[in-house]
Amino acid sequence: MSEDALKAAKEKYKSTVLLPKTEFPMKAGLQQVEPAMQAHWDSSGLYARIRKARAGAPAWVLHDGPPYANGDAHTGTGMNKILKDTVVKFRTMQGFDCPYVPGWDCHGLPIEHKMLAEMGGKLPEGTTALELREKCLEYATKWIDIQRRQFKSAGVLGRWDNPYLTTNPSYEASVLRVFRELVRRGFMTRALRPVHWSWAAQSALAEAELEYEDRTDPSVYVRFPLSSCGKDCKFRELVEARADSEQVWASLALLIWTTTPWTLPANVAVAAAEKAEYVLASYTRNGKREHLVMAQALLSKVAEKAKLQDVQVLETFPGETLRGVGYSHPFLDHACPVVFAEYVTLEDGTGLVHTAPGHGKEDFDTGKREKLPIVCPIDNAGKYFTGERLRKELQLSPTFEDTRGWLPMLEGQNVFKANPLIVEKLRGEGWLLHDEPYPHSYPHCWRTHTPVIFRVTEQWFVQIDHVDPDKQMNPQGKTLRQRLLDTIAAARWFPAWGQKRIGSMIENRPDWCVSRQRYWGIPIPAFQDTVTGEVVSDLETLDHVVSLVEKHGSNVWFDEANWPVEKLVPAKHARRKLVKMNDIFDVWFEAGSSFNAVMRTDHELADKPYRDGDYTAHSAMYLEGDDQHRGWFQVSLILSVATSGQSPFHDCLTSAFVVDEKGEKGSKSKGNIWAIDQGVKDLGADLIRLYFASVDTSSPVPVTYNLIKTHGEAYRKLRNTWRGLVSNLFDFEPAKHALVYDALLPLDRWALSQAAAVVHAMTEAFERYEFHTGLRELTHFCNVTLSAQYMDLCKDRLYCEAANSVARRSAQTTYWLLADMIVRLIAPVCVHTAEEMWRFLPKLEREPESVHMASWPVALGDAAAHPETRVTIGDVYLRANAKLDARYRALLQLKAESDRILDRMRKEKVIGKGYDANVLLGAQGETGTLLAMLGSPEQLEAELPEVLNVSAVKLDAGTDHGALQGFEPATDLKGLSLKVSVSEAKACVRCFRRTGDVGSVREHEHLCVRCAGVVG
RNA sequence: GCGCCGGUAGCUCAGCUGGUUAGAGCACACGCCUGAUAAGCGUGAGGUCGGCGGUUCGAGUCCGCCCCGGCGCACCA
């Protein structure tokens, strides 16, 4: 037989081989495919069609947290939206009705700041707040359009043409209704309290608006001269009893410590600990003998720092001895008392705490208890008042003469700039015992990044410990705090530690200051009576304003020309002299009201709360970065529980921040952050989405082009495996050719059993929102079970058996089911690719045109009863089969052993392809038993060539293979020996196998019997 | 300062209630195939499971301390 003749024969039969064929491109071309796909989704109204298809199904609503309408949507916000979209698509496929209404947070300081900056830093003369607000709205609207385009480019599907905006009049009115409800239930109070104050932003700040940053402040030890002691003062007796009492009195001071020297002018008391030990000590400084009082425990530390000489402890006494002691303010004319407070500790300082109720929370509480005056000489901009105002705010007596020039120094000075001036003057006047730099973490304004100060102002607060008297909503008379904790416990937190985190925040949080002194926000609808000073915000007034805002937007509050105050107040107050109050709401109050403004108000969402038995929440899920534990989640909980008694969500999923390859937080200034649509353009949305679904988003997620590209291989593998499946279905019509489950070959049923396990694991993981764990299963299944194992073993059947043979149709039925399953499983993640696959997948007529309307696969367990045999849906087939699992596990182990030897022989150039080889197996012991269980020798010899991908397999009955020529022991299977030999048989030119019967059929001398039969 | 989470091959991740030589994919190396072909298959080399100590017959898995990273809290006057 000549080479040419063989070649000719091969050519002749090649056309009878059923080779794979498909138009599904190997190369993804995401950059072209995705925009086209999105355009098609848009024009065909996919979102609306999904809504329609799920109408009447149980609702499952993920309520979108509104990103801030300022700047590009970058990787972090992009990841968040992508994860949300993945959840929504998954739940939709599971059969739920999942409307997704995206929203934007439009009000707030950053935008106002930016607009003000464009106007030159502050509102120019003659410009109204209304004009500023219009500029702000324009700016926000611009970014909403940009961000919308960016999110859509990532394949995120939702009601983009009608999102919720916190600037919509209906939204604003809903926020006000939440406020009204708080007022009605008694949660609101307007009170004078110390609040975090941003002097740069000139507004109060809430806890959520603080960021702790490191900074260094001057730490000073200051002598406050002791001036008087009450009549029964024990300390006085103590000193009087001393022989040197006169010298002691002459130079005696309380030693206090502070890191905020600028608050010293507001000092009104010194706090001590009743139970702690204090000392009266003497020392020499600058050649002078002086006396001081401070805590015993801190004396040596302070003495060392201040380099005090000859320190002598004259007396030791408990703190309570100091009751009745008074001192005079070192540079003002106040006479101040020593008071006692719990929070005085002996860790730092002197055990004597400088107390300024105008500038500290604890100080304020102490001041209230001790009836101390509240001194607060600082204006909105963080500067000391000037002139008479300063004297007044410092509560100086009219006779006070500022002989040493303190007041001129302070006037108009920024507090942080005043610090060193004060220190130097204290030093000059001899009050300063010691000073040093003190590095610590200190609260900063999260928007302006300037250090905040504590300042007493009158603000609106939500009282966290208020008990709602409503018996129906709060039957057990619990505080809001307790009810919040109950609500938190009833929700589900992913990861689970989120519950602890937010729980401890709620346990410890102070009342919520919700008023801000800005323009770009929703006004707090309150008036002040210019005659009585009374604050008017009764329900009728609120209702009146709410209805105006609902119709005309919150601008009515700022539009002096068209909306004079008379129009804003209800008829009942018409005769009073009222003026508008100028506070607006904390933006968090707005976002936190979305449960009401969106979930309970939106026409598409209002009837879709989450229900599970008796449990009800306004939505099924919130999904945000874990910074929202102190932000949106918390404020939403507070407002929702207080006003509705329900949780805003049932599931709360958080993700960590995105970081760069060095693990550093992304920021635009570092350039390690990119707009999401740029990434989509460069890498493809599906690739980015696959990446986010492949990593554990509960710890910091590194996001770089390189890392994402690394996952390109996983994408290509998935795509090609799927292509391998679908390319063998070119002549397969499910309705016509699919076999019933019981007619499928064992190998095929095994593959389906493996698939069932994947569906199972993946569903479970996705229901826990652990996409990366689920995806692992799918990747492994595609790479190993399918590509390397199953599909390799099916090739001969698919290519060489008769087109309509059971063997081939069985494989095709399985390929079809697997392809179908994979498309569905990947659809929530690779939304475009899955849709593309869906077009190429042979489908039954009843399937929807978009994969995103299709159902999530369901797998049956082992024990499932055999359903009837009509070919309809995947879940008839995706069926566990433990027996087949075990059988193929064993067979594949044999394959691994034979592969090792075949590989070596290939490297030795003894053989090339597997069909060149025959394998002899000798099995004893465990493996012998195993093989015997797998089938009779004849059965195995018939089956194994396909599994091992060789031409022939013989079982050797010999007993001592180790001694037989050429046998070698297996690596892992005990008792197994193998011998691989080069097959002498002729290869069939059609199927390449060396079956030993080539030429048996006279008409086809180059074919094996099987192929001859097929060719006919 | 206190608390929470994490630290497993170059990368991304599995390792349940402690139990045989610690797994997977990707990447890498070496081959094979040329009928999934800018594909596919096989084999291999990579880890003292952050460190130290303890409990145990036995620990990546439990306990203690420490180091590193991330996050949160705050009465740092």
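By convention in this document, chain letters (A, B, ...) are assigned in the order of the sequence lines, proteins followed by strands, and residues within each chain are numbered from 1. None of these values were measured; they are calculated from a predicted model.
Using atom P as the reference point in both B/rG58 and B/rU21, the two lie 14 Å apart (nearest Å). When the P atom is used for both B/rG31 and B/rG19, the distance is 41 Å, rounded to whole Å. Rounded to whole Å, the separation between the P atoms of B/rA39 and B/rG46 comes to 29 Å. Distance noted for atom C1' between B/rU17 and B/rA24: 23 Å (whole Å). Rounded to a whole angstrom, the distance from the P atom of B/rC2 to that of B/rC11 is 32 Å. Rounded to a whole angstrom, the distance from the P atom of B/rG54 to that of B/rA59 is 12 Å. The gap from the C1' atom of B/rG47 to that of B/rU12 amounts to 16 Å, rounded to the nearest Å. Straight-line distance between the P atoms of B/rG1 and B/rA22: roughly 39 Å, to the nearest whole Å.
Between the side chains of A/Y715 and A/T833, at least one donor N or O lies within less than 3.5 Å of an accepting N or O.
Among residues two or more places apart in sequence or in another chain, the salt bridge (charged side-chain N to carboxylate O under 4.0 Å, His left out) test is passed with A/E507 by none. Looking at residues two or more places apart in sequence or on another chain, you find no salt bridge (charged side-chain N to carboxylate O under 4.0 Å, His left out) involving A/R455.
With hydrogens and angles disregarded, a donor-acceptor distance shorter than 3.5 Å links the side chain of A/Q628 to the backbone of A/W632. Checked by atom type and distance alone, the side chain of A/S951 pairs as donor or acceptor with a backbone atom of A/R994 at under 3.5 Å.
For B/rC32, the OP1/OP2 oxygens have a side-chain nitrogen or oxygen of A/K909 closer than 4.0 Å. At the phosphate of B/rA77, OP1 or OP2 sits under 4.0 Å from a side-chain N or O atom of A/T259. At least one side-chain nitrogen or oxygen of A/H772 sits closer than 4.0 Å to the OP1 or OP2 atom of B/rA14.
A/V353 comes within 4.0 angstrom of a base, heavy atoms only. Counting non-hydrogen atoms under 4.0 angstrom, A/N508 reaches nothing in the nucleic acid. A/H629 comes within 4.0 angstrom of nothing in the nucleic acid, heavy atoms only. Residue A/G912 is classed as a sugar-phosphate contact, given heavy-atom separations below 4.0 Å to backbone atoms only.
With distances taken from any side-chain atom of A/N783 to the nucleotides B/rC26, B/rC11, B/rC75, the minimum falls on B/rC26. In the set B/rC13, B/rC76, B/rU34, the nucleotide with an atom closest to the side chain of A/K913 is B/rU34.
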Under a 4.0 Å heavy-atom criterion, the protein footprint on nucleotides 35-40 of chain B, written with B, S and -, is BBSSSS

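Atom NZ of A/K907 is separated from atom C1' of B/rC41 by 13 Å (rounded to the nearest Å). One interatomic measurement links the two molecules: CD of A/Q628 to P of B/rC71, which rounds to 15 Å at whole-angstrom precision.
Along RNA chain B, the nucleotide nearest A/V344 and the nucleotide nearest A/S694 are compared for position; the residue whose nucleotide lies closer to the 5' end is A/S694. For A/Y438 and A/R900, each mapped to the nucleotide of RNA chain B holding its nearest heavy atom, the one lying further toward the 5' end belongs to A/R900.
Other residues, nucleotides and ligands place more than 12 heavy atoms under 6.0 Å from the NZ atom of A/K305. The environment of A/H760 atom NE2 is sparse: at most 12 non-hydrogen atoms of other residues, nucleotides or ligands sit within 6.0 angstrom.
For RNA chain B, the stems formed by at least three consecutive Watson-Crick or G-U pairs, with both atom-pair distances below 3.5 Å, span B:1-7 with B:67-73, B:10-13 with B:23-26, B:28-32 with B:40-44, B:50-54 with B:62-66.
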Can you pull every protein N or O that's under 3.5 Å from an N or O on nucleotides 4-10 of chain B?
none

With the criterion being N/O to N/O and under 3.5 Å, what pairs connect the protein with nucleotides 19-24 of chain B, and how long is each?
unit_1 : atom_1 : unit_2 : atom_2 : d
B/rG23 : N2     : A/R776 : NH1    : 3.4

Q.
Pair A/E713, A/H711 - check side-chain hydrogen bond (donor to acceptor under 3.5 Å, both in side chains), show working.
A. CA-CA 5 Å; A/E713 206 45 49; A/H711 281 73; over 6 Å; no

Stepwise side-chain hydrogen bond (donor to acceptor under 3.5 Å, both in side chains) test for A/T260 and A/H359:
CA-CA 10 Å; A/T260 52; A/H359 295 294; over 6 Å; no

Exercise for the section: Check the pair A/Y915 / A/F992 against ring-ring contact (aromatic ring centres under 6.0 Å, His included), numbers first and verdict last. Expected result: CA-CA 7 Å; A/Y915 286 152; A/F992 305 154; 7.4 Å; no

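Nearest heavy-atom pair, A/T350 versus A/I256, reported as atom, atom and distance to 0.1 Å: OG1-CA, 3.6 Å. Across all their heavy atoms, A/V339 and A/E370 have their closest contact at CG1-CG, 3.7 Å. Among all heavy-atom pairs drawn from A/P495 and A/S698, the shortest one is CG-CB, 3.7 Å.
Atom CG in A/L690 sits 13.5 Å away from atom NE2 in A/H772 (nearest 0.5 Å).
In B/rG31 the O4'-C1'-N dihedral to the base is more than 90° from 0, which defines an anti nucleotide.
The pair A/D627-A/R630 does not meet the salt-bridge criterion, since no charged nitrogen lies less than 4.0 angstrom from a carboxylate oxygen.
You'll find the side chain of A/L1007 reaches within 4.5 Å of the side chain of A/Y13, heavy atoms only.
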